[in-house]
Protein chains: 2
Amino acid sequence: MTTPPRGLRERKKQATREALREAALRLAMERGPDQVRVEDIAEAAGVSPRTYNNYFASREQAIVSAVTADREARIAAAVAARPAGVRLADAVTEAVVEQYTNTGEREHKALVLITAQAALRDAFLDSAAGIEPPLTAVIAERLDNAEAHTARVLAASVAAAVRIALEGWLRPAGKAEAAESFAAGGLVVPSGSLPDRLRMALAPLAPAFDAAEQRTQP
Amino acid sequence: MTTPPRGLRERKKQATREALREAALRLAMERGPDQVRVEDIAEAAGVSPRTYNNYFASREQAIVSAVTADREARIAAAVAARPAGVRLADAVTEAVVEQYTNTGEREHKALVLITAQAALRDAFLDSAAGIEPPLTAVIAERLDNAEAHTARVLAASVAAAVRIALEGWLRPAGKAEAAESFAAGGLVVPSGSLPDRLRMALAPLAPAFDAAEQRTQP
DNA sequence: ACGAAAACTTGCGTGCACGCACATTTTCTG
DNA sequence: CAGAAAATGTGCGTGCACGCAAGTTTTCGT
């Protein structure tokens with residue numbers, strides 16, 4: 001692995017983190033999300049409320065993280081796994097679509113829960129930003145570390161695009177969206193599947209990836 | 001104008017908002033940022049603490065907004081003001097650089113204050129996201145509203161790039177950065193002026209802008 | 001111009017995020 | 001292996017974000 005477990009300390013921390021994640025999600029599913037207090041989560045995980053806060057900055061983050069857990073790392077790994085021949089833009093797009101499509105039964109139920117509440121939706125959207133650091137690393141590697149700042153900007157742009165795709169996907173398509181698209185005067189596709197939305201959002205960034213790629217390997 | 005003042009109500013709201021902004025910044029400069037409570041700001045602006053919360057979601061946001069106030073609108077206006085002949089990428093870049101360079105005396109002092117505290121730094125970085133909505137509008141306009149979602153993604157990418165530039169700019173260049181750049185193995189420029197950083201961060205996005213532009217006006 | 005409707009302010013109460021200081025555990029050093 | 005050094009868990013206290021339900025002001029229909 002990239003990080004051989006340094007010791008007992010790390011394992012304990014990961015165990016606690018996971019216990020909190022699971023407790024948060026389980027309690028939120030049993031009762032409503034509003035009926036779960038931090039105190040309950042901490043108790044279910046066997047730690048003090050104060051310790052809970054050392055792991056998560058908000059109650060919503062704890063619940064959402066049970067679903068988004070290590071998607072970040074998996075996306076980076078998926079990009080790195082693609083053969084070196086394919087366009088970087090394609091590698092990233094496919095990796096992202098792939099990791100957001102692997103929706104198990106448990107994950108699906110959790111998403112229904114998240115969609116139901118505004119605060120959880122926001123936390124879920126914010127979690128997309130977490131893919132930036134690992135993406136920066138793999139992109140920089142493919143670019144031979146020639147332009148570290150370029151990799152950073154591209155990764156951040158991907159994160160932003162993913163966020164936009166998710167935002168449009170879990171929006172109930174209320175009258176706000178209809179009015180907006182009408183005001184824009186365009187015949188915009190009002191909805192679509194998540195993979196479609198992800199590809200649509202990432203497509204405009206492809207030229208930027210191509211340019212960066214050609215600059216390092218002409 | 002685009003929005004003829006609809007009535008007394010709007011004017012009052014803007015007045016209250018500005019009063020809160022000014023009070024927050026002034027008090028933060030007089031005493032330290034830590035020595036200003038929400039209650040103080042509200043009192044100085046002549047409203048209740050609860051009302052303060054109807055305008056700003058956090059204490060840091062109120063202070064920072066006194067500096068970032070309408071930069072968003074000015075950037076959009078600056079883009080719209082460029083002649084139709086220039087590349088969209090250049091128009092956006094120059095508009096951003098321009099609006100972040102107009103640093104008055106008052107603004108400069110405020111930035112020193114903001115840089116000094118972590119919470120304020122974060123709020124300042126988050127404020128960069130505010131340029132997305134107006135940028136989306138002007139970009140969509142230049143693209144003849146042909147691809148609304150493309151405009152949205154490009155605007156979000158610009159916001160992300162600006163954030164990265166600001167982040168690198170106000171980082172004290174501690175040992176963390178040095179170690180990181182060394183680990184990357186590259187000869188990265190450790191620091192630079194804000195305009196330079198902004199141009200560097202926005203440059204990788206230019207090909208994406210060009211492609212979108214050519215697609216609508218061949 | 002008048003009354004209904006919509007928007008804004010405010011007091012109150014609840015749960016929460018987080019700094020600080022200290023006890024405890026794990027890791028590092030000689 | 002002992003003791004120093006560093007990282008974590010925890011109790012406590014403070015200020016804050018925000019929902020809710022009046023009370024008040026502005027807007028709008030007729």
Side-chain angles (χ1 to χ4, degrees), chain A residues 3-21 23-24 27-28 31-65 116-123 126 175-176, chain B residues 3-21 23-24 27-28 31-65 116-123 126-127 175-176 179:
Chain A
T3 307
R6 258 291 278 235
L8 170 66
R9 199 151 220 159
E10 289 303 316
R11 267 177 292 156
K12 267 190 164 180
K13 272 181 62 172
Q14 291 310 318
T16 301
R17 172 168 266 115
E18 180 136 346
L20 285 169
R21 273 205 286 252
L27 291 176
R31 332 166 184 179
D34 288 335
Q35 304 306 319
V36 181
R37 287 172 312 184
V38 163
E39 188 183 341
D40 304 329
I41 300 175
E43 190 187 16
V47 296
S48 79
R50 184 62 183 85
T51 295
Y52 155 88
N53 257 22
N54 292 341
Y55 285 86
F56 297 103
S58 78
R59 202 179 75 259
E60 290 75 21
Q61 201 176 91
I63 298 176
V64 164
S65 87
Q117 210 195 41
L120 288 178
R121 276 200 305 262
D122 292 347
D126 287 345
K175 50 183 174 182
Chain B
T3 306
R6 258 292 278 230
L8 170 65
R9 198 151 220 152
E10 289 303 316
R11 268 176 291 156
K12 267 190 164 180
K13 273 181 62 173
Q14 291 310 318
T16 301
R17 172 168 265 116
E18 181 137 348
L20 284 170
R21 273 205 287 251
L27 290 177
R31 332 164 183 181
D34 288 335
Q35 304 305 317
V36 181
R37 285 172 313 186
V38 164
E39 187 183 342
D40 304 330
I41 301 176
E43 189 186 16
V47 296
S48 79
R50 184 63 183 84
T51 296
Y52 155 88
N53 259 29
N54 293 340
Y55 285 87
F56 296 103
S58 79
R59 202 178 75 259
E60 290 77 21
Q61 202 176 89
I63 298 177
V64 164
S65 86
Q117 209 196 42
L120 288 179
R121 277 200 304 261
D122 292 346
D126 288 344
S127 76
K175 51 183 175 182

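Keep in mind the model is a prediction, meaning the values are calculated, not measured. Each chain gets a letter, A, B and so on, in the order the sequences are listed, and its residues count up from 1.
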Chemist: Any donor-acceptor pair under 3.5 Å linking the side chain of A:Arg59 with the backbone of A:Ile41?
Modeler: no
Chemist: Roughly, in whole Å, what's the span from CZ in A:Arg59 to P in D:dC18?
Modeler: 12 Å
Chemist: Within this structure, what is the CD-to-C1' distance between A:Glu43 and D:dT10, rounded to whole angstrom?
Modeler: 16 Å
Chemist: For A:Phe56 and A:Ser65, work out which heavy atoms get closest and say how close.
Modeler: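 In terms of heavy atoms, the two residues are closest at CE2-OG, 3.3 Å.
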Chemist: Calculate the interatomic distance between B:Glu60 atom CD and C:dA17 atom C1'; express it in whole Å.
Modeler: 12 Å
Chemist: Taking atom CD of A:Gln117 as the centre, report whether more than 12 heavy atoms of other residues, nucleotides or ligands fall under 6.0 Å from it.
Modeler: yes
Chemist: Expressed as a whole number of angstroms, how long is the span from B:Phe56:CZ to D:dC18:C1'?
Modeler: 17 Å
Chemist: For B:Arg37 and D:dA17, what is the distance between atoms CZ and C1' respectively, to the nearest whole Å?
Modeler: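 Between C1' of D:dA17 and CZ of B:Arg37: 16 Å.
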Chemist: If you define the side chain from C-beta out and look only at heavy atoms, does anything of A:Ile63 sit under 4.5 Å from A:Glu60?
Modeler: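 SC-SC contact between A:Ile63 and A:Glu60 ruled out.
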Chemist: Please indicate whether B:Glu43 has more than 12 foreign heavy atoms, meaning atoms of other residues, nucleotides or ligands, lying under 6.0 Å from its CD.
Modeler: no
Chemist: When the distance from CD of A:Glu39 to P of D:dG11 is rounded to whole Å, what number comes out?
Modeler: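 It is 11 Å, rounded to the nearest whole Å.
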Chemist: Below 3.5 Å is the cut-off: list the nitrogen or oxygen pairs between protein and nucleotides 6-9 of chain C, distance only.
Modeler:
{"unit_1": "C:dA7", "atom_1": "N3", "unit_2": "B:Arg9", "atom_2": "NH2", "d": "2.6"}
{"unit_1": "C:dC8", "atom_1": "OP1", "unit_2": "B:Lys13", "atom_2": "NZ", "d": "3.1"}
{"unit_1": "C:dT9", "atom_1": "OP1", "unit_2": "B:Tyr55", "atom_2": "OH", "d": "2.8"}

Chemist: Mind checking if B:Arg50 touches a base, just sugar-phosphate, or nothing, with heavy atoms under 4.0 Å?
Modeler: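 Base contact.
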Chemist: Taking the side chain as everything from C-beta on, heavy atoms only, tell me whether B:Asp40 gets closer than 4.5 Å to B:Arg31.
Modeler: yes
Chemist: Expressed in angstrom and rounded to an integer, what is the separation of A:Asn53 atom CG from D:dC12 atom C1'?
Modeler: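 So the CG-C1' distance, A:Asn53 to D:dC12, works out to 14 Å.
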Chemist: Between atom CG in B:Asp122 and atom P in C:dC18, what is the gap in whole Å?
Modeler: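 Nearest whole value for this atom pair: 11 Å.
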